[in-house]
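Written below as structure tokens is the structure these notes are about.
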Amino acid sequence: MKNKIINLLEESVKKSAEKGIISESDLSRLEVAVPANPAHGDYAANAAMILASTAKQNPRKIAETLLANLTDEENILQKTEIAGPGFINFFIKDNIWKNELKIIEEKNEKFGKLYIGNGKKVQIEFVSANPTGPLHIGHARGAVVGDVIANMMKTAGYDVTKEYYINDAGNQMSNLGKSVLLRLRELAGEKIDFPQTCYQGEYIKDIAAQILKNEQNKYLARDNEDKKISYLTDIAGRIILEDIKGNLKDFGVIFDDYFSESKLYENDGVSKILEVLKKSGFVYSDGQTLWFKTTEFGDEKDRVVVRKNGEPTYFAADIAYHQNKFSRGFEYIVDVWGADHHGYIPRMYAGIMALGHSKDKLKIILVQLVNLLRAGEPVAMSTRSGEFVTLREVLDEVGKDAARYNFLMRRSDSHLDFDLEVAKRQSNENPVYYVQYAHARICSIIKMAAERNIKLPSYLDIDPALLKEPEELALIKMMSRYPEMIEGAVRSLEPHRITFYLNEMAGIFHSYYNKNKVISDDNNLTAARLFFVKTILVILRNALMILGVSAPEKM
RNA sequence: GCGCCCAUGGCUCAGCUGGAUAGAGCGCCAGACUACGAAUCUGGAUGUCGGAGGUUCGAAUCCUCCUGGGCGCACCA
């Protein structure tokens with residue numbers, strides 16, 4: 001619908017320009033938006049004000065010209081008006097809006113699918129937590145945001161791959177092996193002074209116990225320590241990664257790929273990239289140390305890529321990793337990071353730009369930390385002490401739907417209070433149930449109709465003119481704009497727009513439900529309303545599907 | 001010290017990339033089930049959009065400075 005208005009306007013601008021009445025100007029700033037106040041029409045355009053600055057004419061006069069040259073071939077406009085400083089307000093005929101119901105019915109689960117992605121290959125990388133411990137609640141938010149962004153982009157016609165990057169090459173990993181070794185010896189009865197720098201969590205003991213059971217005492221002797229640690233690192237890493245995968249799966253997050261950092265080092269992959277950068281002059285040496293000139297791309301200082309001891313840094317691997325992504329044919333890359341990594345952004349951009357990739361091929365989404373509460377009181381979280389609430393615990397306690405929905409209720413770059421008590425409460429404080437309840441209610445109505453042998457009508461069976469309640473019209477417009485909402489969410493990569501949309505829509509529906517009976521003695525009215533609520537179901541389902549939240553038929 | 005991100009009713013947050021009179025939810029008070037599901041609905045008020053300038057037809061939104069919070073500033077990942 002919005003596109004139709006834009007087309008009408010563009011035609012008019014062209015026509016007016018040909019006639020020389022106005023000088024055609026940049027149309028890229030042309031904006032058609034839904035006004036906050038419904039009295040200002042279904043859509044409003046700022047075209048006249050935009051053109052006024054270059055044309056040096058009164059915006060209202062330009063608006064008049066544009067309207068005079070507007071040809072509404074499809075006859076969709078009820079009226080237009082010029083308002084305020086030069087807005088053009090468009091009022092669309094009710095029957096045109098109602099026509100959208102037919103489209104929703106026909107497209108059904110495909111309603112809201114877009115083609116703006118055009119099959120473009122996109123990779124979205126998220127979570128990517130080191131397999132040194134279980135996922136905690138902070139990872140959960142990133143997991144949902146990444147997953148839903150992926151779903152949105154798929155809906156919009158992108159060819160999306162979800163990837164988890166495993167940092168399994170650093171010394172945090174060998175620290176894991178060391179922690180396990182020490183706990184093993186402790187379990188075997190030795191008195192161990194367990195260092196602060198090691199992983200404190202209980203899960204380390206569990207893993208140690210498991211290994212001890214399988215392999216008895218072969219780690220007790222003090223020989224070949226490095227070898228033992230490396231072996232234990234490998235085993236523990238695998239156990240933890242399997243646990244992570246299981247948790248993510250139960251959270252509804254399934255990755256297409258798990259990409260191991262160590263793979264980057266195969267065939268000297270990392271050094272080869274550094275060699276390339278050296279040749280192009282972005283990498284220079286300072287004694288044994290290799291530096292990357294990230295300052296050339298706006299970073300505060302240059303960054304080390306190979307340490308004095310000859311080992312490449314994490315950053316070096318990350319450059320190679322991103323090059324690898326491009327080499328695999330991804331045309332657009334989305335990284336979802338914790339907000340505490342924001343200082344890393346200029347470096348990452350420098351990395352890809354030095355390798356000849358345009359900056360706009362990479363988009364980094366920052367997800368702010370989660371403030372965990374229980375009944376309003378902060379829950380102590382400390383990774384060092386091993387005290388944290390895991391994703392598993394959140395899932396067990398509040399459930400997948402409530403957890404996911406709660407993480408999607410704010411923009412990802414703003415802090416989120418997550419209250420475990422509120423999230424599991426089945427009450428009006430919990431929007432997920434508000435939306436799901438609307439869905440279950442409609443299912444219930446449809447079931448009731450079936451029990452009374454009332455056929456579920458299709459658009460051709462009903463008289464759309466009977467849908468004339470204010471809530472009906474509001475919902476019809478809102479549903480028609482669903483694809484526009486999705487498009488906005490995709491362009492801005494903002495999943496929270498979907499939850500806000502759903503809350504609003506469920507609100508209008510509940511209000512409508514309380515005022516009006518769907519099933520009544522009036523057969524024609526019943527048919528019209530049954531069909532109408534059926535289309536609401538379509539939108540709710542499609543949107544919840546993108547969020548990875550279930551649409552229950554009863555609750 | 002330098003850099004990035006925030007600051008919107010009592011609380012938690014939206015505000016469609018600069019638009020018209022700034023919106024929800026929670027909480028508070030008072031009401032609505034012999035009616036398709038009360039996990040619902042109806043009504044009631046609260047704002048110098050942290051402060052001060054600037055940009056223009058127009059600013060919560062963009063620029064500068066200040067105040068107050070969060071986070072970064074490794075040859076860690």
Side-chain angles (χ1 to χ4, degrees), chain A residues 29 31 33-37 39-40 44 46 49 52-53 58-60 83-87 89 128-130 132 167 169-173 261 286 288-291 299-301 303-315 317-318 338-346 366 368-369 376 409-411 413-417 419 422 425-434 436-438 440-449 451-452 481 484-485 487-489 491-492 494 496-497 499-500 503-504 506-507 509-520 526 529-530 533 554-555:
Chain A
R29 281 178 60 214
E31 221 170 272
V34 180
N37 185 345
H40 294 138
N46 63 352
M49 276 112 78
S53 54
N58 182 330
R60 292 188 69 106
F87 287 104
N89 295 340
S128 298
N130 293 11
T132 54
N167 300 135
N171 49 26
Q172 307 232 1
M173 284 303 285
E261 181 186 356
D286 166 23
Q288 292 286 67
T289 312
L290 275 191
W291 293 81
D299 200 2
E300 298 169 345
K301 50 173 281 195
R303 307 290 172 175
V304 171
V305 280
V306 175
R307 293 183 270 240
K308 207 186 287 175
N309 66 8
E311 279 179 39
T313 58
Y314 173 81
F315 177 43
D318 224 359
D340 52 340
H341 287 69
H342 65 79
Y344 200 80
I345 293 176
L366 292 181
Q368 268 295 355
L369 304 181
M409 288 192 319
R410 310 246 175 295
R411 344 171 16 116
D413 58 1
S414 87
H415 290 271
L416 169 75
D417 286 346
D419 193 312
V422 175
R425 212 174 286 163
Q426 299 186 354
S427 74
N428 52 4
E429 291 164 79
N430 211 344
V432 64
Y433 299 117
Y434 188 73
Q436 288 184 321
Y437 189 61
R441 247 182 173 172
I442 295 172
C443 289
S444 185
I445 296 170
I446 288 171
K447 202 174 140 212
M448 175 66 70
E451 281 165 11
R452 297 187 191 175
R481 287 169 178 152
E484 293 162 23
M485 181 279 294
E487 179 168 350
R491 289 201 190 283
S492 57
E494 289 177 348
H496 73 278
R497 293 196 193 191
T499 52
F500 276 86
N503 277 317
E504 189 183 343
F509 168 74
H510 285 309
S511 170
Y512 169 70
Y513 175 91
N514 274 276
K515 275 190 223 163
N516 306 95
K517 299 268 295 174
V518 173
I519 300 172
S520 66
T526 300
R529 288 184 173 169
L530 261 181
V533 298
K554 36 180 172 177
M555 326 178 28

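Scope of the values below: all heavy atoms of this structure, side chains included, with no hydrogens, waters or symmetry mates. By convention in this document, chain letters (A, B, ...) are assigned in the order of the sequence lines, proteins followed by strands, and residues within each chain are numbered from 1. Given the structure is predicted, the values throughout are model-derived calculations rather than measurements.
Looking at A:Thr526, its side chain does come within 3.5 Å of a backbone N or O of A:Ser520 through a donor-acceptor pair. Using a distance-only test at 3.5 Å, with no hydrogens or angles considered, no donor-acceptor pair links the side chain of A:Asp286 to the main chain of A:Trp291.
Donor-acceptor pairing under 3.5 Å is recorded for the side chains of A:Ser492 and A:Arg497.
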Practice task
At under 4.0 Å between heavy atoms, which parts of nucleotides 29-42 of chain B does protein reach? Answer with one letter per nucleotide, 5' to 3': B base, S sugar-phosphate only, - none.
Solution key: ------SBBSBBSS
Practice task
Sugar-phosphate means primed atoms, P, OP1 and OP2; the rest is base. With that split, encode nucleotides 7-17 of chain B 5' to 3' as B, S or - using protein heavy atoms under 4.0 Å.
Solution key: -----SSSSBB
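The aromatic rings of A:Tyr314 and A:Tyr344 sit tilted, their planes meeting at an angle between 30° and 60°. Under the 30°/60° scheme for interplanar angles, the aromatic rings of A:Phe509 and A:Tyr512 are found to be tilted.
When the P atom is compared between B:C4 and B:C41, the two are found 44 Å apart, to the nearest whole Å. With both ends at atom P, the span from B:A45 to B:G25 equals 14 Å, rounded to whole Å. Here the separation of B:C62 from B:G72, taken at their C1' atoms, is 25 Å to the nearest Å. With both ends at atom C1', the span from B:U21 to B:G15 equals 15 Å, rounded to whole Å. With P as the reference atom, B:G43 and B:U48 are 26 Å apart, rounded to whole Å. Across B:G9 and B:C73, the matching C1' atoms stand 37 Å from one another, rounded to whole Å. Between the C1' atoms of B:C2 and B:G23, the separation comes to 38 Å (whole Å). Taking atom P on both nucleotides, B:C49 is separated from B:U8 by 12 Å, rounded to a whole Å.
Atom CZ of A:Phe500 is separated from atom CE of A:Met409 by 8.0 Å, given to the nearest 0.5 angstrom. The distance from the CZ atom of A:Arg411 to the CD atom of A:Gln368 is 11.5 Å, given to the nearest 0.5 Å.
Residue whose closest nucleotide on RNA chain B sits further toward the 5' end, between A:Ala169 and A:Glu300: A:Glu300. If you find the closest nucleotide of RNA chain B to A:Lys308 and to A:Gly343, the one lying nearer the 5' end belongs to A:Gly343.
When heavy atoms are screened at a 4.0 angstrom cut-off, A:Pro59 is found touching no nucleic acid atom at all. Across all strands, A:Ala438 comes closer than 4.0 Å to no nucleic acid atom at all (heavy-atom distances).
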Short heteroatom pairs, N/O only, protein and nucleotides 54-56 of chain B, under 3.5 Å:
none

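Taking atom CD of A:Gln368 as the reference point, atom P of B:G69 lies 17 Å away to the nearest angstrom. Put simply, CZ on A:Arg303 is 7 Å from C1' on B:C73, counting in whole angstrom units. Rounded to an integer number of Å, the gap from A:Leu369 CG to B:G70 P is 12 Å. In this structure, the NE2 atom of A:His40 is 8 Å from the P atom of B:U21, given to the nearest Å.
Under the stacking definition used here (centres under 5.5 Å, planes under 30°), the residue A:Phe87 qualifies as stacked on the base of B:A20. Under the stacking definition used here (centres under 5.5 Å, planes under 30°), the residue A:His341 qualifies as stacked on the base of B:A77.
Residues A:Ile445 and A:Leu530 have side chains in contact (heavy-atom distance under 4.5 Å, counting atoms from C-beta outward). No side-chain heavy atom of A:Tyr433 sits less than 4.5 Å from a side-chain heavy atom of A:Arg425. Side-chain contact between A:Phe87 and A:Pro85 is present, with at least one heavy-atom pair separated by less than 4.5 Å. A:Val306 has its side chain out of reach of A:Glu311: every pair of non-hydrogen atoms, C-beta onward, lies at least 4.5 Å apart.
You'll find that the side chain of A:Asp340 is closest to B:C71, out of B:G19, B:C71, B:A77. Listed candidates were B:G72, B:A20, B:C75. Nearest to the side chain of A:Thr289 is B:C75.
By the side chain to side chain contact (heavy atoms under 4.5 Å, CB included) test, A:Ser414 pairs with A:Arg410, sequence neighbours left out. Under the side chain to side chain contact (heavy atoms under 4.5 Å, CB included) criterion, A:Asn130 pairs with A:Thr132, A:Asn167, A:Gln172, sequence neighbours left out.
One cannot find a donor-acceptor pair under 3.5 Å joining the base of B:C5 and the side-chain atoms of A:His342.
Stem regions for RNA chain B, each three or more consecutive Watson-Crick or G-U pairs with both distances under 3.5 Å and listed by first number, read B:1-5 with B:69-73, B:10-13 with B:23-26, B:28-32 with B:40-44, B:50-54 with B:62-66.
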